[in-house]
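Encoded as structure tokens, the structure appears first; notes follow it.
Lettering follows sequence order; numbering is per chain, from 1. Side chains included, hydrogens not; waters and symmetry mates left out as well; all remaining heavy atoms used. Treat the numbers as computed from the prediction; the structure is a model and nothing was measured.
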Number of protein chains: 2
Amino acid sequence: MLSSKAKYAVRAALQVAELGRDADWVQVAGIAQREAISRKFLEAILVRLRDEGLLESRRGAQGGYRLARAAAQISVADVIRCIDGPLALTPCASRTRYGQCRDCVDVSRCRLQPLMQQARDAVAAVLENCSLAALIAAPGCVPLDV
Amino acid sequence: MLSSKAKYAVRAALQVAELGRDADWVQVAGIAQREAISRKFLEAILVRLRDEGLLESRRGAQGGYRLARAAAQISVADVIRCIDGPLALTPCASRTRYGQCRDCVDVSRCRLQPLMQQARDAVAAVLENCSLAALIAAPGCVPLDV
DNA sequence: AGCAATTCCTATCAAAGCAGTAGGAAAATG
DNA sequence: CATTTTCCTACTGCTTTGATAGGAATTGCT
């Protein structure tokens, strides 16, 4: 399951993408109000997205956040990974942050790992192919078969 | 990410499937030793798999566990769901245990949900199509393209 | 009947993660 | 200089995770 934080992050990123078209800076307070998120909580989330290079920020009056790249170049997977970490179901199946499972006796003979990699690839195919731009454009975001 | 418990559960189920072919009862202690899991911890896991109808048990000497259905009729998804709950990334995308996200303002206008359903379907397609029997048979369990 | 093997039930616990709160420092604008 | 806004650090309550412990209930064997 995704954390609330991750879901907030995606929603917030969508707002930044939508409201910041003319290179305007979008403020936390507004996003928080529209999405019914605690302002302080959202601050921490956006700082993280900025640290990870998805957003840019500016302090002071008329400051705020904007996308660091084009909305079409930021996938939902990117945002989720910033907050919740890898999409994979096990560390050993992650491509972005591979790691050995603590409970695994011998990776090379693990019967789960290949399956977990398939599962990872399946989710990644969906979430990496869906950009913020796509989510905004398509109501329902079904880029493939609709 | 899967919990350790869920991974233990799949490994244990595999052992029960493998060692219990002749309707033999497989003991917790043996599984625990071979998979390097705490016996008491594993007990709790197997009880849960039994409560959920995946395993049958018998107490006393020569007792133990065996599959409640054929190994080909139990998917990895079944086992994981017993322990960790739905595969979906959000409650609102779960088919087996649908529920509204606590942080969602209006489900009908949620822009994430359709995408989350796609992601769920993608993982489910992999994990529901892989049975314990398949995992045992195929080293690497790649039923589709290898 | 009695003993050993084995699952089953209840309770407890430490550590980590999640969701959120609080206060104020630093920077930009006008 | 005042206001706005991000940024940084710290804290807190709650739940989940990953166990551990002790013993009750059941079954098989002799």
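Judged by distance alone with a 3.5 Å cut-off, a donor-acceptor contact links the side chain of B:Glu43 to the base of C:dC8. A donor N or O paired with an acceptor N or O is found under 3.5 Å between the base of C:dG23 and the side-chain atoms of A:Lys40.
We find that B:Asp78 and B:Arg69 are joined by a salt bridge, their nearest charged nitrogen and carboxylate oxygen being less than 4.0 Å apart. The pair A:Glu18-B:Arg111 meets the salt-bridge criterion, since a charged nitrogen lies less than 4.0 angstrom from a carboxylate oxygen. Salt-bridge annotation for B:Arg48 and B:Glu43: absent, with no side-chain N of the basic residue lying under 4.0 Å from a carboxylate O of the acidic one.
Atom CG in A:Leu46 sits roughly 13 Å away from atom C1' in D:dT5 (whole-Å rounding). The distance from atom CZ of A:Arg59 to atom C1' of D:dC8 is 9 Å, rounded to the nearest whole Å. The CD1-P distance, from A:Ile83 to C:dA19, rounds to 11 Å in whole Å. Spacing between atom CD of B:Glu56 and atom P of C:dT6 amounts to 19 Å, rounded to whole angstrom units. Between the CD atom of B:Gln62 and the C1' atom of C:dC3 there is a distance of 13 Å, given to the nearest Å. Atom CZ of A:Arg48 is separated from atom P of C:dG17 by 13 Å (rounded to the nearest Å). Computed from coordinates, the B:Ile45 CD1 to D:dT17 C1' distance equals 11 Å when rounded to whole Å. Remark: P of C:dT7 and CG of B:Asp24 are 14 Å apart, rounded to the nearest angstrom.
Close to C:dA19, at under 4.0 Å from its OP1 or OP2, lies a side-chain N or O of A:Ser4. OP1 and OP2 of D:dT5 both lie 4.0 Å or more from every side-chain N or O belonging to A:Arg39. OP1 or OP2 of C:dT29 has at least one side-chain nitrogen or oxygen of A:Arg58 nearer than 4.0 Å. Under 4.0 angstrom from either OP1 or OP2 of C:dG20 there lies at least one side-chain N or O belonging to A:Tyr8. An OP1 or OP2 oxygen of C:dT6 is reached within less than 4.0 angstrom by no side-chain nitrogen or oxygen of B:Ser57.
The side chain of A:Arg50 has D:dC8 as its nearest neighbour among D:dT6, D:dC8, C:dA28. Listed candidates were C:dA27, C:dT7, C:dT29. Nearest to the side chain of A:Ala61 is C:dT29. Here the nucleotide nearest the side chain of A:Gln27, chosen from C:dG20, D:dT5, C:dC8, is D:dT5.
Place A:Gly63 and A:Lys5 on DNA chain C by their nearest nucleotides, and A:Lys5 ends up nearer the 5' end.
Each of B:Ile83, B:Leu67, B:Ile74 was scored for a side-chain contact (heavy atoms from CB on, under 4.5 Å) with B:Leu49, with one residue passing: B:Ile83.
Listed here is the closest heavy atom pair of A:Asn129 and A:Ala125: ND2-O, 2.9 Å.
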